[in-house]
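One structure is given here, and the rest of the page talks about it.
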Number of protein chains: 2
Amino acid sequence: MSEAVEGREAIVLLDRTREVVDPQLRATIDSLPGSLRRVAMYHFGWEHADGTPAAGSTGKAIRPALVLAATRALGGNECLAVSAAAAVELAHNFTLLHDDVIDEDPTRRHRPTAWTVFGTPDAIIAGDAMFAVALRLLAEDHHPASAAASRRLADCVIELCAGQQADCAFEERAPNDVSLDECLEMATAKTGALLGCACALGALYAGAGEEETAAMDAFGREAGLAFQLIDDLIGIWGDPDRTGKPAGADLAAHKKSLPVVAALTSGTAAGAELAELYRGPMNAATVRRAAEAVDRAGGRDWAQLQAADRMARAVHELSRAVPDLAAAGDLLALAEFVTRRTR
Amino acid sequence: MSEAVEGREAIVLLDRTREVVDPQLRATIDSLPGSLRRVAMYHFGWEHADGTPAAGSTGKAIRPALVLAATRALGGNECLAVSAAAAVELAHNFTLLHDDVIDEDPTRRHRPTAWTVFGTPDAIIAGDAMFAVALRLLAEDHHPASAAASRRLADCVIELCAGQQADCAFEERAPNDVSLDECLEMATAKTGALLGCACALGALYAGAGEEETAAMDAFGREAGLAFQLIDDLIGIWGDPDRTGKPAGADLAAHKKSLPVVAALTSGTAAGAELAELYRGPMNAATVRRAAEAVDRAGGRDWAQLQAADRMARAVHELSRAVPDLAAAGDLLALAEFVTRRTR
């Protein structure tokens with residue numbers, strides 16, 4: 001199968017996922033009390049800031065697609081896992097609402113972030129309510145796996161919090177003070193954990209045992225780390241028209257993303273140059289020079305190779321969970337989609 | 001039984017509650033990853049800001065005491081409800097961490113608030129993790145009621161969020177623009193809901209049916225509203241040495257608490273005077289004048305009578321849940337304790 005066809009397969013899967021999960025998501029958000037509902041509707045792109053209906057820009061739906069695909073891959077009925085898929089997407093969006101407040105990010109999915117529109121207090125509160133509603137959805141789901149799924153999702157959120165906290169702490173430290181291992185651990189907690197949780201929930205909803213569930217979790221984690229590496233590359237070299245963020249946004253924010261830390265810890269002259277640039281304020285010219293320094297220090301190549309390596313590990317874990325890889329085709333297509341996207 | 005003896009009874013109950021719930025709380029907080037653990041340990045008063053051990057100031061433990069007392073009152077085994085009691089206290093403290101950020105409160109339990117010590121990002125993240133750990137505790141609790149308890153706690157947090165959001169929105173509105181009904185509804189959501197949830201969880205853990213659980217919830221809600229009314233009175237006339245907050249802190253912050261709104265909507269000259277004072281900045285002298293105006297406008301008396309009325313309703317609801325009121329003695333003692341405390 002050609003790469004283009006596989007990519008198209010993932011897009012079809014994501015579209016199909018949104019088709020079944022969006023109505024559930026929307027009904028859940030609709031159940032929130034007035035003002036919380038309004039912030040959430042805006043965040044999901046279903047309403048403009050003034051409360052009028054909008055087309056929606058609920059994101060790529062990769063996490064719910066992983067839940068449903070994992071259920072299918074293990075012989076379960078994906079229709080019974082729709083609430084679990086929606087719960088994962090709600091938990092993801094709860095963290096986005098809070099992360100945007102914490103990172104003071106002005107833009108999300110090409111639109112002003114919720115806190116810039118409704119203020120920090122409402123964005124914090126709406127995030128809290130979104131997490132609560134995610135857990136209520138699981139608690140109300142009369143599926144034998146829902147209690148185990150709740151436990152796993154709560155655990156995952158604790159790990160996400162630890163990752164976000166580590167990320168914030170890294171920003172305060174000197175350029176050369178963060179090791180690549182610490183950075184990989186942080187990325188695993190911040191991104192890998194929820195993708196792993198999505199796959200594990202899918203496994204639980206297919207009635208899988210502990211070993212299969214753990215392997216599914218590991219598959220999602222490794223794919224998630226690959227995803228983060230690609231995302232970090234995009235944060236430096238992504239096309240502003242497609243990312244909705246200014247060029248080199250992560251460098252301008254002195255972000256210690258994985259390619260940056262790889263460059264800073266490379267022991268090269270370019271790495272030292274980058275450290276020097278990171279000590280001062282950034283403008284368009286220094287952002288360009290920093291991007292070149294990351295590249296020359298080997299940070300770009302390292303991230304690309306590391307992403308490929310993580311994908312290989314993901315496939316290995318997947319083969320443990322689903323010995324017949326033909327049944328895991330959708331999961332592979334999704335994992336390869338996220339690590340190949342160029343925007 | 002004399003009032004003094006009843007008060008002492010509640011204090012014994014609260015001490016006994018802390019004795020069984022604190023170890024569970026502490027073990028749960030201890031399970032958090034490094035930096036999240038530190039913020040949580042500080043918030044609960046178990047550590048100083050520098051991480052050295054502290055004596056602890058975990059609050060009065062009214063909510064967990066209600067859980068255990070409700071279980072006992074309905075013939076359940078309170079030892080099986082300790083995790084549920086700890087989960088309610090963790091959820092309560094999650095909201096305190098976020099409320100302090102949102103309200104920019106500098107002091108909590110006579111100590112600097114977590115956000116002033118660790119920064120807003122860490123306080124938000126630690127709050128998120130505390131909510132997650134509360135739900136994990138319920139999900140890991142192998143009690144037949146734990147799923148229903150999770151659902152109820154998630155629902156309650158959504159209501160708490162709506163209450164906190166309404167509270168923030170009220171602060172932005174003109175002094176005369178908030179009705180007393182809106183204000184009572186907000187207080188029910190912000191304070192009554194969690195006390196009701198504590199009692200309902202206790203009922204569920206005793207194997208109670210829907211009707212008894214609903215009556216227990218209503219008991220806690222009414223007692224919670226009485227509690228809030230007293231708290232609002234303390235926010236104006238409380239002794240700074242005992243509250244740990246400056247005198248008239250709520251007035252200085254232009255807070256539209258229940259006695260204030262009662263005064264503002266009283267149609268009296270004193271109410272108009274209060275509205276005028278609330279339009280300008282506050283200093284020690286205007287805070288004193290505002291407190292006198294609330295009193296003269298009848299806001300103080302109204303709040304005291306309303307608190308008594310809510311307590312009467314609470315007792316009525318309790319008699320529906322526990323027909324033999326002798327079995328409900330501990331719940332009554334706790335409810336009367338919170339509405340009689342003078343600090």
Given a strict heavy-atom distance threshold of 4.5 Å, which part of A:Asp122 is in contact with chain B: side chain, backbone, both, or neither? side chain
Quick check on the interface: out of A:Arg151, A:Arg152, A:Glu159, A:Glu140, who has the most heavy-atom pairs with chain B under 4.5 Å? A:Arg151
Select, from A:Ser150, A:Ser35, A:Ala126, the one with the greatest count of heavy-atom pairs under 4.5 Å involving chain B. A:Ser35
Heavy-atom pairs under 4.5 Å with chain A - which of B:Pro121, B:Ala149, B:Ala189 has more of them than the others? B:Pro121
Heavy-atom closest contact (B:Ala162 atom, A:Pro33 atom, distance): CB-CG, 3.6 Å
Heavy-atom pair count under 4.5 Å with chain B, highest-scoring of A:Met130, A:Gln164, A:Arg37, A:His98: A:His98
For the interface with chain A, which of B:Ile124, B:Leu138, B:Val157 has the highest count of heavy-atom pairs at distances below 4.5 Å? B:Ile124
Can you tell which part of A:Val39 gets under 4.5 Å to a heavy atom of chain B, answering side chain, backbone, both or neither? neither
Compare every heavy atom of A:Ala129 with every heavy atom of B:Ile158, then report the nearest pair and how far apart it is. CG1-O, 4.1 Å
Other residues, nucleotides and ligands only: do more than 12 of their heavy atoms fall within 6.0 Å of CD on B:Glu185? no
Out of A:Leu135, A:Asp99, A:Leu32, which one racks up the most heavy-atom pairs below 4.5 Å with chain B? A:Leu135
Atom pair CG/SG of B:Leu36 and A:Cys161 - distance to nearest 0.5 Å: 6.0 Å
Looking at CD of A:Glu104 and OG1 of B:Thr120, how far apart are the two atoms once the value is rounded to the nearest 0.5 Å? 9.0 Å
